[in-house]
Q: 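Mind having a look at this structure? Questions to follow.
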Amino acid sequence: MAAYAPARYADFHILHPLPASLLNRGEDDLPKTLHLGGVVRALASSQSWKRAIRLRLEDDLDEHAARTRMLPLRVADALCAAGWPTDLATFAGSQIVRSATKEGLKTEENRRGITSATLYLPRDVLDDLTDLCTEHRPQLEEALTKETAAQTAQAKGARKKPKPEAVLPTPAVASVIRRRTATINLFGRMLAEVPDAHVDGAVQMAPAFTVHPSSPQPDYFTAVEDWAAPNETGSAHLQTAFFTTGLLYRYATVNLTELTRNLGGDHEQALHLLGLFAEAFIDIMPGAKKTSTAPHTYPHLVHYAIRDRRPVSYADAFERPVKHAPGGGYITPAVTALSQHAGALNRLLGTRRLVGCGYAILHNEPVDHLGTAHAGLDDLTDALTKAAALPAEAAV
């Protein structure tokens, strides 16, 4: 398969009905909201959805990553578990970040030396880093002895505080930290302190929002005291929680060109990850408040479009809030609004760069302007990966 040029994107558009739920809260512990089109909408941040998708993909691939500032502490813990003295294990953990670059990674010394920046690493790097420490244990022991002596001298009046020196080989430590997983190649990684560790994310995901007005709704609740004193009534806990309801528009796009580049040109692996991402984006929901709301619904409509040159969101289809149907419900008018907007964009932009598109819908009614109708989500996923593999001249 030829390289995508200049860029190829897989756009995903979903209409997803939700009952009472609280997928995402702000710092005030209230559901997140968005002002759009002159009204308040319910909002679920892209970060909350992206994390849930990442964890699913890591389980599917059995390839786990970790976002952490605790790398030096976890290395020290692993070495202690292997029988190292605590002081030597702690020193070795600090040497991992000190030796990662010529200047060392910035750390928070008042917080036991955790890294200032969050690292995004494969989880199994812990084994490689502890093996590296074990290989260089004699050098670490010697360096710890020198540092301890220097600190003792400094405490007795030496003018200059000793500057920690790198003991572990920087190329080896940096190579481990630069390693990637599939989810790192998909979602990217920001790590400016380590050369060549930065990864441009191939996935762009928008916050989900309701296509109609939706304000937080109060839910007053009590928790009964089961072991109350005799002749005592009342509750152990009283509070008002809030939840939201509504029909969400969800949008994400995968830059296949960037993903292929992140994978070293492996087009087949890029298509495989695209299919896995599509399944997860359709299937997964954030887990907040799931035990008290159980909002386990599926999307009503899923639409994909494979485009060359640039992605296209349909969010402005709902800039004007959708009005409910005469008998109630927002799904039917929202599907109509999405269809009409897609048709208007096809007229305005043309279809020269639209490689393929299709949709699947719960009630199996035909929808205009969204491409091929697929009987189910499995068929849709297979079709979109096949369309993504087509050459540019095969645009619809």
Side-chain angles (χ1 to χ4, degrees), residues 10-21 23 37 41-44 49 52-53 56 205-214 243-253 275 277-286 290 293-306 312-347 351 354 356-387 396:
D11 291 342
F12 299 92
H13 311 268
I14 287 178
L15 292 177
H16 193 152
L18 282 180
S21 61
L23 299 184
R41 319 284 186 98
L43 176 78
W49 227 297
I53 292 170
R56 161 62 74 85
M205 191 178 300
F209 63 91
T210 54
V211 302
H212 53 81
S214 179
F243 59 81
T244 56
T245 63
L247 179 65
L248 296 176
Y249 170 69
R250 297 169 48 205
Y251 170 74
T253 185
F277 175 83
E279 292 173 358
F281 184 61
I282 294 167
D283 187 58
I284 290 299
M285 294 175 61
K290 63 182 179 182
T293 59
H296 302 306
T297 55
Y298 255 90
H300 180 85
L301 179 144
V302 177
H303 167 54
Y304 70 88
I306 308 298
V312 179
S313 168
Y314 293 169
D316 47 338
F318 307 109
E319 189 273 339
R320 174 183 290 181
V322 171
K323 295 182 179 180
H324 62 74
Y330 292 103
I331 288 177
T332 298
V335 171
T336 300
L338 189 74
S339 167
Q340 291 177 347
H341 187 75
L345 279 173
N346 289 341
R347 174 189 54 78
T351 58
L354 180 60
C357 57
Y359 70 95
I361 191 166
L362 181 63
H363 293 155
N364 205 31
E365 64 267 25
V367 182
D368 295 331
H369 311 303
L370 299 186
T372 304
H374 300 289
L377 296 176
D378 289 343
D379 291 343
L380 179 142
T381 303
D382 290 342
L384 78 90
T385 53
K386 290 177 183 176
V396 298

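The residues of the chain are indexed from 1 along the displayed sequence.
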Q: Counting N and O atoms only, with roles assigned by atom type, does the side chain of S214 sit under 3.5 Å from a partner on the main chain of T245, one being a donor and the other an acceptor?
A: yes
Q: For Y251, give me all partners under ring-ring contact (aromatic ring centres under 6.0 Å, His included), at least two apart in sequence or on another chain.
A: H13
Q: If I compare all heavy atoms of C357 with all of A305, which pair ends up nearest, and what's the gap?
A: CB-CA, 4.0 Å
Q: Would you give the length of the straight line joining atom CG of L370 to atom CD1 of I361, rounded to the nearest 0.5 angstrom?
A: 8.0 Å
Q: Nearest 0.5 Å please: distance from the OG1 atom of T297 over to the CG atom of L248.
A: 8.5 Å
Q: Could I get the full list of ring-ring contact (aromatic ring centres under 6.0 Å, His included) partners for Y359, not counting sequence neighbours?
A: none
Q: Who are the ring-ring contact (aromatic ring centres under 6.0 Å, His included) partners of H16, not counting sequence neighbours?
A: none
Q: Just to verify, what does D378 make a side chain to side chain contact (heavy atoms under 4.5 Å, CB included) with, not counting sequence neighbours?
A: none
Q: Please identify each residue that fulfils side chain to side chain donor-acceptor pair (under 3.5 Å) with D283, with sequence neighbours left out.
A: R56, Y298
Q: Please name all residues satisfying salt bridge (charged side-chain N to carboxylate O under 4.0 Å, His left out) with D382, sequence neighbours left out, ordered by chain then number.
A: none
Q: Do Y314 and L345 come within less than 4.5 Å of each other through their side chains, counting heavy atoms only?
A: yes
Q: Which heavy-atom pair separates T253 from D11 by the least distance, and what is that distance?
A: OG1-OD1, 2.7 Å
Q: For the pair T381 (side chain) and E279 (backbone), establish whether a donor and an acceptor sit closer than 3.5 Å, ignoring hydrogens and angles.
A: no
Q: Okay, side chain of H303, backbone of A360: is any donor-acceptor separation there less than 3.5 Å?
A: no
Q: Of all residues at least two apart in sequence or in a different chain, which pass the side chain to side chain contact (heavy atoms under 4.5 Å, CB included) check with A315?
A: F209, Y249, S313
Q: Treating T210 as the side-chain partner and R41 as the backbone partner, does any N or O pair qualify as donor plus acceptor under 3.5 Å?
A: no
Q: How about H363 and H300: do any of their side-chain heavy atoms sit closer than 4.5 Å?
A: yes
Q: For residues P17 and L247, report the shortest heavy-atom separation together with the two atoms involved.
A: N-CD1, 3.5 Å
Q: What residues form a side chain to side chain contact (heavy atoms under 4.5 Å, CB included) with A383, not counting sequence neighbours?
A: Y304, H374
Q: Output the distance between atom CZ (F277) and atom CD1 (I53), rounded to the nearest 0.5 Å.
A: 5.0 Å
Q: With sequence neighbours excluded, tell me which residues meet salt bridge (charged side-chain N to carboxylate O under 4.0 Å, His left out) with R250.
A: none
Q: Between H369 and N346, does any side-chain donor sit less than 3.5 Å from a side-chain acceptor?
A: no
Q: Run the ring-ring contact (aromatic ring centres under 6.0 Å, His included) test against H296 and tell me which residues pass, sequence neighbours left out.
A: none
Q: Can you list, pair by pair, the side-chain donor-acceptor contacts under 3.5 Å of residues 321-338, counting residues two or more places apart and other chains?
A:
from, atom 1, to, atom 2, distance (Å)
T336, OG1, T332, O, 3.1

Q: So, using side chain to side chain contact (heavy atoms under 4.5 Å, CB included) as the criterion, who are the partners of P295 when residues are at least two apart?
A: L18, P19, S21, L23, M285, T293
Q: In Å, rounded to the nearest 0.5 Å, how long is the span from CG of L301 to OG of S339?
A: 9.5 Å
